[in-house]
**Student:** 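There's a structure below that I have some questions on.
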Amino acid sequence: RKIVLDALESAIAGRKELRVDHRIVTGRGSVRYVQETGRPIFDKDGTPVRMIGSVVDITERKAAEVALRQAKEAAE
């Protein structure tokens, strides 16, 4: 949670895009990896009022990265 909160605070403070990869645990207990991207929206007074963006499941990509890293280590 800290990684996500830090990224959100940084995006708001810097008025920049949010982009963070992190893991989640589903209601059924499985672990998934997601990538969140978003853009903070501010009102006329500069107060953040919403975030527009998306969350994409990148679990398969993360598994492929691990498999590639393990294959590289085994080859070396």
**Student:** So which pairs with a foot in residues 21-34 pass salt bridge (Lys or Arg N to Asp or Glu O under 4.0 Å), sequence neighbours left out?
**Tutor:**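 Every pair satisfying salt bridge (Lys or Arg N to Asp or Glu O under 4.0 Å) with a residue in residues 21-34: Asp21-Arg61, Arg32-Asp57.
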
**Student:** Determine all donor-acceptor pairs shorter than 3.5 Å in which one atom belongs to a side chain in residues 69-76; sequence neighbours excluded.
**Tutor:**
none

**Student:** Go through the structure and list residues passing salt bridge (Lys or Arg N to Asp or Glu O under 4.0 Å) with Lys2, not counting sequence neighbours.
**Tutor:**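 For Lys2, the residues satisfying salt bridge (Lys or Arg N to Asp or Glu O under 4.0 Å) (neighbours in sequence not counted) are Asp6.
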
**Student:** Residues in salt bridge (Lys or Arg N to Asp or Glu O under 4.0 Å) with Arg39, at least two apart?
**Tutor:**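 Arg39 satisfies salt bridge (Lys or Arg N to Asp or Glu O under 4.0 Å) with no other residue.
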
**Student:** Can you name the nearest heavy-atom pair linking Pro40 to Ala11, along with the distance?
**Tutor:**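 The answer is CG-O, 3.7 Å.
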
**Student:** Please check if the side chain of Asp43 supplies one atom and the backbone of Asp45 the other of a donor-acceptor pair under 3.5 Å.
**Tutor:**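 Judged by distance alone, yes, a pair lies under 3.5 Å.
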
**Student:** Which residues end up grouped with Met51 if you chain together Ile, Leu, Val, Met, Phe, Trp and Tyr wherever their side-chain heavy atoms are less than 4.5 Å apart?
**Tutor:**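 Its cluster partners, ordered by chain and number, are Ile3, Leu8, Ile12, Leu18, Val20, Phe42.
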
**Student:** So how far is it from Glu17 CD to Ile52 CD1, rounded to the nearest 0.5 Å?
**Tutor:**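 So the CD of Glu17 and the CD1 of Ile52 are separated by 12.0 Å.
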
**Student:** If you group Ile, Leu, Val, Met, Phe, Trp and Tyr whenever their side-chain heavy atoms sit less than 4.5 Å apart, what else falls in with Val55?
**Tutor:**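 Ile24, Val34, all in the cluster of Val55.
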
